[in-house]
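Okay, structure first, notes after.
Source: prediction; values computed, not measured. Basis for what follows: all heavy atoms, side chains included, without hydrogens, waters or symmetry-related copies. Throughout, numbering of the chain's residues begins at 1 and tracks the sequence.
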Amino acid sequence: MTMKTLGYATQSPTDKLAPFHFDRRDTRANDVVIDILYCGVCHSDLHVARNDWKNSLYPAVPGHEIIGKVSSVGKNVTGFKVGDHVGVGCMVDSCQHCAACKQGLEQYCDAFPTLTYNSIDPHDKMPTFGGYSQKIVVSDKFVLKIPQGLDLAGAAPLLCAGITTWSPLRHWKVGKDSNVAVVGLGGLGHMALKLAKALGANVTLLSRSPGKENDARRLGADKVVISTDAKQMSAVRGRFDLIIDTVPYVHDLNPYIPTLSLNGTLVLVGYLGELEPAFNTGPIILGRKAIAGSLIGGIAETQEMLDFCGKHHVTSDVEVIRIQDINQAYERLLKSDVKYRFVIDMASLK
């Protein structure tokens, strides 16, 4: 048995997203069925819709920042009940037995995790379809509890933008008096500022754009440094324990490396691919500095982040849209014309 579901899909890299009827699988014993209330719009959605990564499966129903309400559960589910507010992020399954999965780092699964969309379910070989839809069926191991009182629309981007920046903050043990810099002020960058500040860090925004200071300070930055100003960059030389680089395109890392402290790390979270120009190894070797990467977060880590956000009242700055406006939102996303994340009110689909 399958469930008839309505969503929005694109049929090819050049098609617009449009209404699409498809089947969700029937509930397995460990499944949770979720009526979707809100779904964030991630830049990854646009990449998949337009086949930028050359691996898109069509038809594609994007969306992996999902907030919803439980409508039913499988017979073996004990952690969720009908009516619970829950979330689903970028993954809906993993092998569960490799070294990464055993550490709670399902995002690094040796078999590669089953993504919320643009994957093939290893159990029934059906394509996965994302959150631009009425409902979703997910294994209870990949469903997250949303803390009471957290704004539901604002919580949606926590499932990707939030955990993508939280994971490196936790891995590199950011806390009180840590010196953290964030490169780029967009969907990821604004969450990095908020979360680093809530963890007690001294937070700096490194930006090419002089006009972002007021917004950056509102979001948690103690200082804004214009990265194209040699004098300003020289003033923060050797300062940062951690730099979170959220820039989603090819860019030069060399200006940032000298601002790392001894043993400091620059972690890339926004761009996947080759970098130009090559980075100079001199400052890295002479200061035992590191360039690293980080990918979303595991399920336990994501729940930890949500609980922290509930306690500290941290959510994303969002612009709520109707699903009928998703194609215009994609065009605005390309122009960085959103502060700082679109979220679809899925009631508009009915």
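Take F20 and apply the ring pair (Phe, Tyr, Trp, His ring centres under 6.0 Å) test, not counting sequence neighbours, and it matches F22, F129. Shown here are the side chain to side chain donor-acceptor pair (under 3.5 Å) partners of D110, two or more places apart in sequence or in another chain: there are none. Considering only residues two or more places apart in sequence or on other chains, H85 meets the ring pair (Phe, Tyr, Trp, His ring centres under 6.0 Å) condition with none of them. With sequence neighbours left out, the side chain to side chain donor-acceptor pair (under 3.5 Å) criterion links D245 to H251. Taking D140 as the reference, nothing meets the salt bridge (charged side-chain N to carboxylate O under 4.0 Å, His left out) condition, with sequence neighbours excluded.
Between the side chains of Q134 and T5, not a single donor N or O lies within less than 3.5 Å of an accepting N or O. Under 3.5 Å, the side chains of S44 and H64 contain no donor-acceptor pair of N or O atoms. Checked by atom type, the side-chain pair D307/Q303 shows a donor-acceptor distance below 3.5 Å.
Residues K212 and D215 are not paired through a salt bridge, judged by the lack of any N-O separation under 4.0 Å between the basic side chain and the carboxylate. Between R25 and D31 a salt bridge is recorded (basic side-chain N to carboxylate O distance below 4.0 Å). A salt bridge does not link K141 to D93: none of the charged side-chain nitrogens sits closer than 4.0 Å to a carboxylate oxygen. Salt-bridge formation is not detected for the pair K145/E304: no Lys NZ or Arg NE/NH1/NH2 atom is positioned less than 4.0 Å from an Asp or Glu carboxylate oxygen. D229 has no carboxylate O lying under 4.0 Å from a charged side-chain N of R208, or vice versa, which leaves the two without a salt bridge. A salt bridge is absent between D317 and R341: the closest approach of a Lys/Arg side-chain nitrogen to an acidic carboxylate oxygen does not fall below 4.0 angstrom. A salt bridge between R217 and E213 is present, with a side-chain N of the basic residue lying under 4.0 Å from a carboxylate O of the acidic one. Note on D124 versus R24: no salt bridge recorded, every NZ/NE/NH1/NH2 to OD/OE distance being 4.0 Å or above. The pair D84-K69 fails the salt-bridge criterion, with no side-chain N (NZ, NE, NH1 or NH2) lying under 4.0 Å from an Asp/Glu carboxylate O.
Side-chain atoms of E301 and W166, non-hydrogen and from C-beta on, do get closer than 4.5 Å to each other. Two residues are said to be in side-chain contact when any heavy atoms from C-beta on lie closer than 4.5 Å; L158 and I163 fail this criterion. Here the side chains of C39 and V343 are not in contact, with every heavy-atom distance at 4.5 Å or above. Residues L6 and H21 are in side-chain contact: their nearest non-hydrogen atoms beyond the backbone lie under 4.5 Å apart. With a 4.5 Å cut-off on side-chain heavy atoms, I321 and E319 count as touching. Put simply, the side chain of P62 reaches to within 4.5 Å of the side chain of Y330, judged on heavy atoms. Contact annotation: the side chain of T246 never approaches that of M191 to less than 4.5 Å [non-hydrogen atoms, C-beta and beyond]. Within the 4.5 Å cutoff, no side-chain heavy atoms of T204 are placed close to those of D222.
Proximity of a side-chain donor or acceptor of S207 to a complementary backbone N or O of S209 within less than 3.5 Å is detected. Checked by atom type and distance alone, the side chain of N202 never pairs as donor or acceptor with a backbone atom of N179 at under 3.5 Å.
Residue-environment remark: NZ (K223) stays at or below the threshold of 12 foreign heavy atoms within 6.0 Å.
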Contacts table for residues 275-300: side-chain donor-acceptor under 3.5 angstrom, sequence neighbours left out:
from : atom 1 : to   : atom 2 : distance (Å)
N280 : OD1    : G282 : N      : 2.9
R288 : NE     : N263 : OD1    : 2.6
R288 : NH2    : N263 : OD1    : 3.1
K289 : NZ     : I257 : O      : 3.4
K289 : NZ     : L260 : O      : 3.2

Practice prompt. Decide yes or no on side chain to side chain contact (heavy atoms under 4.5 Å, CB included) for N51 and Y58, but give the supporting numbers first.
Written response: CA-CA 10 Å; N51 200 26; Y58 296 102; 3.3 Å; yes

Worksheet item: Stepwise, does the side chain to side chain contact (heavy atoms under 4.5 Å, CB included) test hold for M91 with T114?
Response: CA-CA 6 Å; M91 306 175 287; T114 303; over 6 Å; no

Item to complete: May I have the step-by-step check of side chain to side chain contact (heavy atoms under 4.5 Å, CB included) for F142 and S94, ending in yes or no?
Response: CA-CA 9 Å; F142 288 80; S94 71; 3.6 Å; yes

